[in-house]
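Below, chain A is the first sequence line, B the second, and so on; all start at residue 1.
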Number of protein chains: 2
Amino acid sequence: MSITDSRPGDGVRERILRAAASALRSHERAGMAEIATAAGVGRATLYRHFASREDLLVELGRFSAAECVRALEAARLDAVPVPEAVARANRAVLSVGRAYWVVSVHAPDLWPEERAVGDRLDLLARRGQEDGVLRRDIPADHLGALHGSLIVGALTYEPLIALGVEEAADTITKLYLSGAAA
Amino acid sequence: MSITDSRPGDGVRERILRAAASALRSHERAGMAEIATAAGVGRATLYRHFASREDLLVELGRFSAAECVRALEAARLDAVPVPEAVARANRAVLSVGRAYWVVSVHAPDLWPEERAVGDRLDLLARRGQEDGVLRRDIPADHLGALHGSLIVGALTYEPLIALGVEEAADTITKLYLSGAAA
DNA sequence: TCACGGCGAGACACGTTTGTCTCACCTAAG
DNA sequence: CTTAGGTGAGACAAACGTGTCTCGCCGTGA
């Protein structure tokens, strides 16, 4: 995004991946030309960094998941009680998630790296159950998966994410923990 | 699915649409050849029923949403109190939803028909708030949207939907209404 | 028996996409 | 100034997807 971003090498690859995420979000049929344009880059440059379209997609999966995991690591979930950890996880994923959500939705099997994120939500649910703060009548991995789908929902539903990360995260934290009942 | 399904005319179109939903679920780039194969049908037959790929997609949107709306109508949501209506809605959508969820995810703007389903969830949330059984600190349409994303989550997460419609619907009903807290 | 309608298979032309390659450009380092 | 590395632009062949058309097949109803 910044002006110096077009310096040789390292910055370009990342910019391409971010642009690809954005382009694929609008439609998965986006081709290399479309991605190149979105990245403000020549089409040939795509092939200098990625062997093929398929390869670019795989790398995008790795990149997005890694970014998401990094955010979750930084949130230090295991340093706080589960309810607070849920809130932190939601903020963390929503803040980096616009790039990420593509991964979780479009090709669930193509990107095993995505599991790294889901696993962390599962783990959180499991700890919650062990600590007695989360219900035990739903398996932890189901809780984790549905927690994930709330996050995706927040990212997908424009009017919600438009309120900003804090608001949106707060909404799904409340809903996930306490439910919709009055 | 049944053997007599290959009788002339009416059955084929529906089978194509179901196959298209299934094919597009794995990847939106699925072409006409792929859809035809999934439907167990010649590629030419696709063009006998739909003018173009674009047209097929539009019809798929209409078809899926209509099927979903039909199920919701049949559930008579407004004849019962909101918590029971939520349970019914979940069962209704999950039972027809495997075809439907593609619509909601892949091209939110391409298929305005999808709104017909979302609107019903919004309406349900609004009634819940008016009746005092649903929380008012989250706008009704946000509740509706997140309710929808829980449904999509249930459809997407294999281990959950594999338990069957009743189980899966029950899980998201509990989670949506009461939350994950113990 | 025959015609008919819907079908599968496959050939076809056309446009688009992919992946490769070359060339000229610009910038930073020497 | 000169070189080297990364780039944008564009030419290019091959592969792929689309939409049309024709053929031969098979079941239904006359």
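Considering only residues two or more places apart in sequence or on other chains, B/Arg136 meets the side-chain contact (heavy atoms from CB on, under 4.5 Å) condition with B/Gln129. Partners of A/Tyr47 by side-chain contact (heavy atoms from CB on, under 4.5 Å), not counting sequence neighbours, listed by chain and number: A/Met32, A/Arg43.
For the pair A/Arg15 CZ and D/dG6 P, the computed distance is 16 Å after rounding to whole Å. Distance, A/Asp55 CG to C/dT20 P: 11 Å, rounded to whole Å. When the C1' atom of D/dT18 is taken as reference, atom CG of B/Leu56 falls 13 Å away, rounded to whole Å. Taking atom CD of A/Glu54 as the reference point, atom P of C/dG19 lies 9 Å away to the nearest angstrom. Protein atom CG of B/Leu46 is 15 Å distant from nucleotide atom C1' of C/dG10, rounded to whole Å. For A/Arg13 and D/dG5, the CZ to P distance is 20 Å, given to the nearest whole Å. When the P atom of C/dC14 is taken as reference, atom CZ of B/Arg53 falls 23 Å away, rounded to whole Å.
Judged as a salt bridge (Lys or Arg N to Asp or Glu O under 4.0 Å), the pairs with a partner in residues 141-159 of chain B (not counting sequence neighbours) are, in order, B/Arg98-B/Glu158. Evaluation of the ring-ring contact (aromatic ring centres under 6.0 Å, His included) test over residues 69-96 of chain B, restricted to residues two or more places apart or in two chains, returns none. Among pairs with a residue in residues 155-182 of chain A, those fulfilling ring-ring contact (aromatic ring centres under 6.0 Å, His included) read A/His147-A/Tyr176, A/Tyr157-B/His142, at least two apart in sequence or across chains.
A donor and an acceptor atom never sit less than 3.5 Å apart when one is taken from the side chain of B/Arg48 and the other from the base of C/dG5.
Near DNA chain D, meaning a heavy atom under 4.0 Å away, the residues from residues 30-41 of chain A are A/Gly40, A/Val41.
Phosphate proximity of C/dT18 to B/Arg29: present, with a side-chain N or O under 4.0 Å from OP1 or OP2. Between A/Thr45 and D/dT7 there is no side-chain N or O to OP1 or OP2 distance below 4.0 Å. Within the 4.0 Å cut-off from OP1 or OP2 of D/dT7, at least one side-chain nitrogen or oxygen of A/His49 is found.
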Can you build the contact string for nucleotides 10-15 of chain D? Use B for base contact, S for sugar-phosphate-only contact, and - for no protein heavy atom under 4.0 Å.
BB----
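Judged by distance alone, the side chains of B/Thr45 and B/Arg48 do bring a donor and an acceptor atom under 3.5 Å apart.
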Name each donor-acceptor pair under 3.5 Å that joins a side chain in residues 69-87 of chain B to protein atoms two or more places apart or in another chain, with its distance.
| from | atom 1 | to | atom 2 | distance (Å) |
| --- | --- | --- | --- | --- |
| B/Glu73 | OE2 | B/Arg120 | NE | 3.4 |
| B/Glu73 | OE2 | B/Arg120 | NH2 | 2.3 |
| B/Glu84 | OE2 | B/Arg88 | NE | 3.2 |

Sequence neighbours excluded and cut-off under 3.5 Å, please list the side-chain donor-acceptor pairs for residues 166-173 of chain A, or say none.
| from | atom 1 | to | atom 2 | distance (Å) |
| --- | --- | --- | --- | --- |
| A/Thr171 | OG1 | A/Glu167 | O | 3.1 |
| A/Thr173 | OG1 | A/Asn90 | ND2 | 2.8 |
| A/Thr173 | OG1 | A/Ala169 | O | 2.7 |

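Between A/Arg29 and A/Glu34 there is no salt bridge, since none of the side-chain N atoms of the basic residue sits less than 4.0 Å from a carboxylate O of the acidic one.
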